Protein chains: 2
Amino acid sequence: MTDVDDTDLRVLQLLREDGRRTYSEMAQEVGLSVAAVKRRVDRLRELGVITGFTVEIDHAKLGWGIEAFTEIRYVGTTGVEEIMRDAAELPEVQTVFTIAGDPDALVHLRARDIGHLQQVIDQLRRSGTVTGTKTLMILGSRSRKN
Amino acid sequence: MTDVDDTDLRVLQLLREDGRRTYSEMAQEVGLSVAAVKRRVDRLRELGVITGFTVEIDHAKLGWGIEAFTEIRYVGTTGVEEIMRDAAELPEVQTVFTIAGDPDALVHLRARDIGHLQQVIDQLRRSGTVTGTKTLMILGSRSRKN
DNA sequence: AATGAAATTACGCTGCG
DNA sequence: CGCAGCGTAATTTCATT
């Protein structure tokens, strides 16, 4: 497959913790030169292991305090591509997961308030071939930090 | 609460697209000086709007091709903190979401293969006060890129 | 209070061994 | 992979509105 060694994994780990880490800092951590670390990161990008870098945002602080998952069921003729396209259009949709079995999709949503959430769910239900939804309200979450 | 203006939002958007963008590049985009953009980013970090930066990884390319959500139900006496702690221990657990109602938690998992996934689910079921699980296998996903 | 310009420091990048 | 040199970016300071 792809040959990624332990040093690559350590570099990835360091970048997961802080995606803006400097090469110099990582070089010290893994005991290589700055150039060597840069070459590894470049290579991981070319391999497609690293798909990008991004900022982590506290959406609640931006006034988007509501978070939910909505399970969606579609009529049997609906294709995966169609599901993805429909749902991923809305700005409130964080991620669309297509699922094997039941439900057909799981959509991660963010909204300003409950009213806004209801509006988004209504839009999802209206779009085409949806037969039903079930929404799970998220109270909190914890991602692995280390 | 927090005053975040349109320029801040544009900077956040630029950092969402590429978390390693230079201040110079963003400065040109938003029509401010490099120093002004840096100060805004620093301020957004202090406000807690920006919680960090990270790398986006194609886990399948690292041999973790299996992705799933597992809904978990607990006995009535189980507290939220306990749920978080138990589940977030495992390295296969990406994120633990606590849910209002039924189920009690939704856990985003990654594993190397189906056998590995089953092993992880068994561990979750064993840990303490779990009364039942239902696992949704993820076939694909699409996050909002723009 | 937030900005831009300038100066200093640090880092990114490339070619060569 | 490391080293070295040059260009670019980050960061701090200072002056301005």
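Not measured: the values here are computed from a predicted model. Order of the sequence lines sets the chain letters (A, B, ...), proteins ahead of strands, with each chain counted from 1.
In this entry the distance linking CD of A:Glu25 with P of D:dA9 reads 20 Å, nearest Å. As a whole-Å value, the separation of A:Asp8 CG from D:dC1 C1' is 14 Å. Distance CE (B:Met26) to P (D:dA9): 12 Å, rounded to an integer number of Å. In this structure, CD of B:Gln28 is placed 13 Å from P of D:dT8, rounded to the nearest angstrom. Residue A:Lys38 contributes atom NZ, which lies 15 Å from atom C1' of D:dC1 at whole-angstrom precision. Atom P of nucleotide C:dT14 and atom CZ of A:Arg43 are separated by 18 Å, given to the nearest angstrom. Here C:dT3 presents its P atom at 12 Å from CG of B:Asp42, a figure rounded to the nearest Å. A straight line from CD of B:Glu46 to C1' of C:dA2 spans 14 Å, rounded to a whole angstrom.
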Practice problem: Start with the C-alpha gap between B:Thr133 and B:Arg125, add the side-chain angles, then the distance that decides, and say whether side-chain hydrogen bond (donor to acceptor under 3.5 Å, both in side chains) holds. | Solution: CA-CA 7 Å; B:Thr133 64; B:Arg125 295 178 67 91; 2.6 Å; yes
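Between atom CD of residue B:Gln123 and atom CG of residue B:Asp86 there is a gap of 11.5 Å, rounded to the nearest 0.5 Å. A distance of 9.0 Å separates CD1 in B:Ile99 from CD in A:Glu67, rounded to the nearest 0.5 Å.
Within a 6.0 Å radius of CD in A:Glu56, more than 12 heavy atoms belonging to other residues, nucleotides or ligands are found.
Side-chain contact, A:Ser141 with B:Thr95: no donor N or O sits under 3.5 Å from an acceptor N or O.
Residue order along DNA chain D, read from the 5' end via each residue's closest nucleotide, puts A:Leu32 first among A:Leu32 and B:Arg21. Between A:Tyr23 and A:Arg39, it is A:Tyr23 whose nearest contact on DNA chain C lies nearer the 5' terminus. With DNA chain C read from its 5' end, the first of the two nearest nucleotides for A:Arg20 and B:Val37 is the one closest to B:Val37.
Out of C:dG4, C:dG12, D:dC1, the shortest distance to the side chain of B:Ser33 is found at C:dG4. The listed nucleotides are D:dC3, C:dA5, C:dT3; the one nearest the side chain of B:Arg40 is C:dT3.
Within 4.0 Å of A:Ala36, counting heavy atoms only, lie sugar-phosphate atoms of the nucleic acid but no base atom.
For C:dG12, the OP1/OP2 oxygens have a side-chain nitrogen or oxygen of A:Ser24 closer than 4.0 Å.
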